[in-house]
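Quantities reported herein were computed from a predicted structural model and do not represent experimental measurements. Labels below follow one simple rule: chain letters A, B, ... track the order of the sequence lines, proteins then strands, and each chain is numbered from 1.
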Amino acid sequence: MPTHNPDIAQALDDVADLLELQNANPFRVRAYRNASRVIRGLGTEVSVMLQRGDDLAELPGIGDDLAEKIATLAKSGHLPLLDRLRKDIPAVATELLKLPGLGPKRVRVLCEELDLHNVEQLHRALLDGRVRALPSFGAASETKLLHAVEARSKAPARLKLALAEGYVEPLLDWLRGAAGIDQLIVAGSYRRCRETVGDIDILATAPKGEPVVARFTAYEEVGRVMAAGSTRATVALKSGLQVDLRVVLPESYGAALHYFTGSKAHNIAIRRIGQKRGLKINEYGVFRGQKRIAGRTEKEVYGAVDLPYIEPELRENRGEIEAAAAGTLPHLIELADLRGDLHAHTNATDGHETLAEMAEAARALGLEYLAITDHSRHLAMTHGLDPRRLMRQGEAIDRINAEKSGITLLKGIEVDILEDGALDLPDEVLGHLDFVTGAVHSQFGLSRAKQTERILRALEHPHFTVLAHPTGRLIEEREPYDVDMPRIIRAAKERGCFLELNAHPDRLDLTDIHCRLAKEEGVLLSIGTDSHRAQDLANLRFGVAQARRGWLEKNDVLNTRSLKALRPLLARTMR
DNA sequence: GCCGTTTTCGGCCCGACTGTTTTCAGTCG
């Protein structure tokens with residue numbers, strides 16, 4: 001059975017960890033990490049690429065050796081090198097590597113000197129004072145490690161972007177009170193709008209760093225100061241969220257923002273380009289010898305290596321640098337491009353507001369249209385609609401539309417895709433709607449083959465328009481169900497259907513990678529909020545952020561169309 | 001392990017902070 005890309009990427013990462021513990025050449029370690037990132041970012045399964053005869057060694061950073069290892073992994077799920085490393089290196093070493101403050105060198109010292117087999121044994125050794133006696137360890141290391149070991153089980157997972165906002169805004173307000181502070185911005189994965197963030201990176205400009213660092217560490221939500229120097233500091237908030245602060249002079253703002261926004265892989269690639277041109281790029285600027293030639297803005301930094309500005313959401317070293325050099329960067333979609341929302345619920349099922357209230361909220365946001373897509377009867381726990389209630393809802397929509405209040409409601413349904421791929425309402429009922437979005441809400445555990453067939457059959461239905469939350473995942477809570485997404489994307493293209501990019505911050509389903517694949521295949525995406533309350537309509541911005549990470553432009557998104565242009569697109573499948 | 005407009009060998013991004021091995025290695029981002 002072929003192995004899927006995330007598993008291949010994980011195996012490569014495991015090799016990198018273990019090689020690191022063996023004190024291998026750091027550049028060899030990097031090659032494995034880089035390969036892992038590249039495989040994770042592929043839209044196509046490696047097994048499919050192999051079947052059609054693609055040469056993996058043409059992928060960036062992957063040479064003949066890694067190509068062969070990746071092919072072995074794809075075909076067999078195993079890698080002899082990995083098996084060998086696992087035999088030679090105790091499993092506890094990999095676990096210790098994850099503790100903050102421990103790198104490969106000190107993990108080796110611990111394992112060899114203390115004969116550790118699990119983290120509990122380290123805990124006891126710390127309490128007995130045996131660790132502080134080891135070379136390269138001392139009293140301070142003991143304290144930090146004790147904290148790390150005891151906190152490891154309750155360490156917060158990565159935080160969803162929307163939740164991170166709640167911590168960031170008050171902290172920024174507090175920092176604005178620091179003496180001499182000028183610019184203040186959040187960089188890192190937060191600025192790149194990744195769906196989750198591991199920590200928060202804040203950049204400030206000021207003539208002197210010390211007062212800003214002092215203000216930062218004095219914030220009332222700070223639980224622990226992990227490091228504090230004259231220009232940077234790291235704290236853990238009481239919630240466990242880690243926050244890094246960096247302070248630079250105003251003339252370095254652009255260089256520092258670029259450096260601090262990442263991703264690391266993007267930065268390394270940019271610096272290498274600079275290096276080839278005899279430039280040194282660091283967080284203070286772009287330098288030729290001692291002379292600073294750029295750095296006040298990010299645009300200057302890119303300009304120094306003859307590239308146009310690259311939007312933060314693209315900075316993952318997944319081809320954006322090559323596209324920038326070739327002048328083919330996408331013109332990314334913006335929130336203002338959206339004209340409507342094609343996924344919303346009302347209190348007829350599990351929403352909280354009436355039709356009229358949802359219509360008014362959408363109008364207030366400046367939307368031209370809103371599709372009402374309540375659940376169908378199979379989803380009994382939501383009081384899903386049967387044909388009679390759906391028809392009554394349609395009449396109510398007609399009455400609201402007749403008022404011509406500036407918003408048009410579309411008659412839709414989020415119809416359940418049943419286990420065999422049939423839809424939960426009769427054809428003649430679906431045929432009376434403006435729009436049918438279908439979704440899987442049950443039997444998440446079907447095999448990949450069955451789940452894929454189920455959805456493909458639903459797409460074949462003559463009234464099917466949009467596949468809602470295509471993988472069913474809940475970020476950090478529920479894995480996506482196992483489906484062959486490239487196949488579904490191709491089927492949507494053949495059938496004239498659309499896929500949803502569900503904008504709910506718990507879902508963001510599709511992923512950036514699948515968005516990009518859909519774009520390449522020519523399938524339009526519908527950014528839908530799946531609103532269950534009026535306030536959820538504002539989640540459109542999270543969908544747009546994800547769309548931008550997926551390289552989507554205005555024309556790649558269905559609901560950037562005016563109502564007039566939208567209707568024929570929806571009608572195309574309503575035959 | 002990868003890669004090539006100085007190179008098929010010899011490089012590989014760059015700097016801050018910490019603790020401890022009193023001059024810098026380890027770790028992190």
Side-chain angles (χ1 to χ4, degrees), chain A residues 12 15-16 19-21 23-38 56-70 81 96-110 131-145 148 187-190 192 197-203 209 213 217 225-236 242-248 252 255-256 258-287 295 301 305 317:
Chain A
L12 295 170
V15 170
L19 285 175
E20 211 169 21
L21 287 164
N23 213 6
N25 177 348
F27 298 103
R28 187 179 172 211
V29 174
R30 184 196 288 174
Y32 279 93
R33 293 212 193 284
N34 184 55
S36 168
R37 185 183 53 77
V38 168
L56 298 178
E58 283 180 11
L59 294 170
I62 292 175
D64 290 341
D65 182 273
L66 274 168
E68 191 183 328
K69 289 192 168 90
I70 291 164
L81 169 65
L96 295 183
L97 201 54
K98 292 181 193 137
L99 294 176
L102 283 187
K105 300 274 168 25
R106 302 211 306 165
V107 166
R108 274 170 54 123
V109 171
L110 286 174
V131 171
R132 67 158 75 193
L134 296 174
S136 93
F137 289 87
S141 300
E142 181 185 87
T143 309
K144 287 196 165 175
L145 274 176
S189 49
Y190 186 94
R192 303 201 312 280
V197 298
D199 60 9
I200 301 293
D201 302 301
I202 298 176
L203 173 67
V213 169
T217 55
V225 177
M226 295 155 77
S230 59
T231 67
R232 73 180 303 168
T234 301
V235 303
Q242 185 177 314
V243 186
D244 294 335
L245 170 73
R246 187 73 194 256
V247 191
V248 299
S252 295
H258 181 257
Y259 153 79
F260 221 19
T261 296
S263 66
K264 190 171 173 168
H266 175 92
N267 286 356
I268 289 176
I270 293 292
R271 285 174 173 183
R272 286 199 64 167
I273 296 173
Q275 193 184 39
K276 283 182 197 159
R277 297 167 181 235
L279 302 174
K280 187 173 72 171
I281 302 176
N282 59 29
E283 57 265 55
Y284 301 110
V286 180
F287 297 87
V301 174
V305 289
N317 197 16

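Rounded to the nearest 0.5 angstrom, Arg108(A) CZ and Ser136(A) OG are separated by 12.0 Å.
One C1' atom belongs to dG29(B), the other to dT20(B), and the distance between them is 22 Å to the nearest Å. When the C1' atom is used for both dT8(B) and dG4(B), the distance is 8 Å, rounded to whole Å. Across the C1' atoms, dG10(B) and dT6(B) are found 13 Å apart, a figure rounded to whole Å. Remark: the separation of the P atoms in dA16(B) and dT23(B) is 22 Å, to the nearest Å. Remark: the separation of the C1' atoms in dC12(B) and dC17(B) is 24 Å, to the nearest Å. One C1' atom belongs to dC3(B), the other to dT7(B), and the distance between them is 10 Å to the nearest Å.
Using a 4.0 Å cut-off, some side-chain N or O of Tyr284(A) falls inside it from OP1 or OP2 of dA16(B). OP1 and OP2 of dC13(B) both lie 4.0 Å or more from every side-chain N or O belonging to Arg271(A). For Gln275(A), a side-chain nitrogen or oxygen approaches OP1 or OP2 of dC14(B) to under 4.0 Å. Between Lys144(A) and the phosphate of dT27(B), there is no side-chain N or O to OP1/OP2 separation shorter than 4.0 Å. Side-chain nitrogen and oxygen atoms of Ser141(A) include at least one within less than 4.0 Å of the OP1 or OP2 phosphate oxygen of dT20(B). Contact annotation: Thr231(A) side-chain N/O to dC17(B) OP1/OP2 distance is under 4.0 Å.
In this structure, Glu20(A) atom CD and dG1(B) atom P are separated by 15 Å, rounded to whole Å. dT21(B) atom P lies 11 Å from atom CZ of Phe137(A), rounded to whole Å. Rounded to whole Å, atom P of dC28(B) lies 10 Å from atom CG of Leu145(A). Atom-to-atom, CZ of Arg37(A) to P of dG1(B) comes out at 18 Å; the value is rounded to the nearest Å. When the P atom of dG26(B) is taken as reference, atom CG of Leu134(A) falls 15 Å away, rounded to whole Å. Rounded to a whole Å, the CG atom of Leu203(A) is 14 Å from the C1' atom of dA16(B). We find that CG of Leu110(A) is positioned 13 Å from C1' of dG26(B), with the value rounded to whole Å. Phe260(A) places its CZ atom 16 Å from the C1' atom of dC13(B), with the value rounded to the nearest Å.
The closest side-chain heavy-atom distance from Ile281(A) to Tyr259(A) is not below 4.5 Å. For the pair Thr261(A) and Leu203(A), the minimum side-chain heavy-atom distance is 4.5 Å or more. Contact of the Tyr284(A) side chain with the Val248(A) side chain is registered, since non-hydrogen atoms from C-beta on lie closer than 4.5 Å. The shortest side-chain heavy-atom distance between Pro100(A) and Gln242(A) does not fall under the 4.5 Å cut-off. Residues Val107(A) and Leu99(A) have side chains not in contact (no heavy-atom distance under 4.5 Å, counting atoms from C-beta outward). Here the side chains of Leu110(A) and Phe137(A) are in contact, with some heavy-atom distance below 4.5 Å.
Judged purely by atom type and a 3.5 angstrom limit, Ser189(A) has no side-chain atom pairing as donor or acceptor with the backbone of Arg192(A). Under the 3.5 Å distance criterion, the side-chain polar atoms of Asp201(A) are left unmatched by any main-chain donor or acceptor of Ala187(A). Panel note: side chain Thr217(A), backbone Val213(A); a donor-acceptor pair is recorded below 3.5 Å.
In this entry dT8(B) has no Watson-Crick or G-U wobble partner, no candidate having both defining distances under 3.5 Å.
At the heavy-atom level, Thr234(A) lies nowhere under 4.0 Å from the strands shown. Within the nucleic acid shown, Arg30(A) comes within 4.0 Å of at least one base atom, counting heavy atoms only. Residue Ile281(A) is classed as a sugar-phosphate contact, given heavy-atom separations below 4.0 Å to backbone atoms only. Counting non-hydrogen atoms under 4.0 angstrom, Ala139(A) reaches the backbone sugars and phosphates but no base. Nucleic acid contact for Gln242(A): sugar-phosphate only, since backbone atoms but no base atoms lie under 4.0 Å from a heavy atom of the residue. Among the heavy atoms of the strands lying under 4.0 Å from Tyr259(A) is at least one base atom, whether or not backbone atoms are also near.
Annotation: proximity of residues 96-108 of chain A to DNA chain B (heavy atom, distance under 4.0 Å) is found for Leu99(A), Pro100(A), Gly101(A), Leu102(A), Gly103(A), Pro104(A), Lys105(A), Arg106(A), numbered in ascending order. Residues of residues 262-269 of chain A having a heavy atom closer than 4.0 Å to DNA chain B, listed by number: Lys264(A), Ile268(A).
Each of dG1(B), dG15(B), dT20(B) was ranked by its minimum atom distance to the side chain of Asn282(A); first place goes to dG15(B). Out of dC17(B), dG29(B), dG1(B), the shortest distance to the side chain of Asp201(A) is found at dG29(B). Nearest to the side-chain atoms of Ser136(A) among the listed nucleotides dG15(B), dT21(B), dA16(B) stands dT21(B).
Of all the heavy atoms in Val29(A) and Ala16(A), the pair that sits closest is CG1-O, 3.7 Å.
Residue pairs satisfying the salt bridge (charged side-chain N to carboxylate O under 4.0 Å, His left out) criterion with at least one member in residues 28-37 of chain A, sequence neighbours excluded, are listed as follows: Asp13(A)-Arg33(A), Asp17(A)-Arg33(A), Glu20(A)-Arg33(A). Applying the side chain to side chain donor-acceptor pair (under 3.5 Å) test to every pair with at least one member in residues 59-68 of chain A, sequence neighbours left out, gives these pairs: Asp65(A)-Lys69(A).
Nearest-nucleotide positions on DNA chain B for Pro135(A) and Leu279(A) put Leu279(A) closer to the 5' end.
For Thr234(A), the side chain to side chain donor-acceptor pair (under 3.5 Å) criterion is met by Asp244(A), not counting sequence neighbours.
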Check: protein-nucleotides 3-10 of chain B nitrogen or oxygen pairs below 3.5 Å:
| unit_1 | atom_1 | unit_2 | atom_2 | d |
| --- | --- | --- | --- | --- |
| dC3(B) | OP1 | Gly61(A) | N | 3.0 |

